[in-house]
Amino acid sequence: MNPTIFYIAATIFLGSFANLNAGHASGKAASIPTDTVPKTTSSAQNKPFLHRVYFSQSDAELILGEKAHLSDSSSAINKDTLEIKRAYTENSEDSKTGKTGVIYFMIEEYSKESSAKEAYQFFKTANEKHEGVRTVDNMGDEAYFHSDGTNFYFILVRKGKIMFRMKVNKITSHTSLSGFNLVSKKMADAL
């Protein structure tokens, strides 16, 4: 794995524990910034995905159509893959559907493009027998969208050795498919 990527992941991972401990020591919940993007000064393509792709609270709220809060955030290095996960949950239940929407975002950078291709193909093959799966053109090197039209939206996008997936669970009367598509495209273009 690229040493720069490892250093960034380790810093984020260890820093998240420091923030959590600081919050517990003061008796207050630690706040996690949700709309800050690290600034880069050199070519974006030479930087780890962390400096190019960032799923923010405002992205989540655009898709969910409601105010939301960060409900999960983690990073890990699994074998030779850097992985970052985020989840945002709506602040209140939708009065029309009785559902509380959640959006999950995960991005992975594999050490080799062949590993990313293999992972993408595994997920696509596992899901393509279901209704509502369609290939998405002009997004990354390969992408597919899946929805049952009632309960969830899902997209998986791969470009080179980076892959991200996004899933809305519990579609409500406020959930925006156009917002989902817009954020997906923005994320894919940043890869």
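- Here CD of Glu113 is found 11.0 Å from NZ of Lys159. Values are rounded to the nearest 0.5 Å.
- A donor and an acceptor atom, one from each side chain of Asn181 and Ser178, are nowhere located under 3.5 Å apart.
- Rounded to the nearest 0.5 Å, atoms CD (Glu61) and CG (Asn91) are 7.5 Å apart.
- When all heavy atoms of Phe55 and Val183 are compared, the closest pair comes out as CE1-CG1, 4.0 Å.
- For Asn138, the CG atom counts as loosely surrounded, since its 6.0 Å shell holds 12 or fewer non-hydrogen atoms of other residues, nucleotides or ligands.
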_Between Phe154 and Phe145, does the ring pair (Phe, Tyr, Trp, His ring centres under 6.0 Å) criterion hold? Intermediate values first, please._
CA-CA 6 Å; Phe154 174 86; Phe145 173 82; 8.6 Å; no

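- When all heavy atoms of Ala116 and Met163 are compared, the closest pair comes out as O-SD, 4.2 Å.
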*Could you walk me through whether Thr97 and Asp94 pass the side chain to side chain donor-acceptor pair (under 3.5 Å) test, one step at a time?*
CA-CA 6 Å; Thr97 63; Asp94 179 29; 2.8 Å; yes

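- Annotation for Glu109 and Ile162: closest pair CG-CG1, 3.9 Å, computed over non-hydrogen atoms.
- Without hydrogens or angle criteria, Arg86 side chain to Asp72 main chain gives no donor-acceptor distance under 3.5 Å.
- Shortest non-hydrogen contact noted between Thr172 and Gly101 is CG2-N, 3.8 Å.
- Here the shortest heavy-atom pairing between Asp59 and Lys186 reads OD1-NZ, 2.6 Å.
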For residues 119-126, which side-chain N or O atoms pair as donor and acceptor with protein atoms under 3.5 Å away, sequence neighbours left out?
from, atom 1, to, atom 2, distance (Å)
Tyr120, OH, Ala143, N, 3.3
Tyr120, OH, Ala143, O, 3.4
Tyr120, OH, Tyr144, N, 3.4
Gln121, NE2, Thr125, OG1, 3.0
Lys124, NZ, Thr135, OG1, 3.3
Thr125, OG1, Gln121, O, 2.8

*Step by step, would you call Arg158 with Asp141 a salt bridge (Lys or Arg N to Asp or Glu O under 4.0 Å)?*
CA-CA 6 Å; Arg158 184 195 64 80; Asp141 292 331; 3.5 Å; yes

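- Separation of the Tyr104 and Tyr88 ring centroids does not fall under the 6.0 Å cut-off.
- Put simply, the side chain of Tyr110 does not reach to within 4.5 Å of the side chain of Glu118, judged on heavy atoms.
- For the ring pair (Phe, Tyr, Trp, His ring centres under 6.0 Å) test, residues two or more places apart in sequence or in another chain that qualify with Phe152 are His146.
- Taking every heavy atom of both residues into account, Ala188 and Val157 meet most closely at CB-CG1, 4.0 Å.
- Within a 6.0 Å sphere centred on NZ of Lys112, heavy atoms belonging to other residues, nucleotides or ligands number 12 at most.
- Ion pairing between Glu108 and Lys161 fails under the 4.0 Å rule for side-chain N and carboxylate O.
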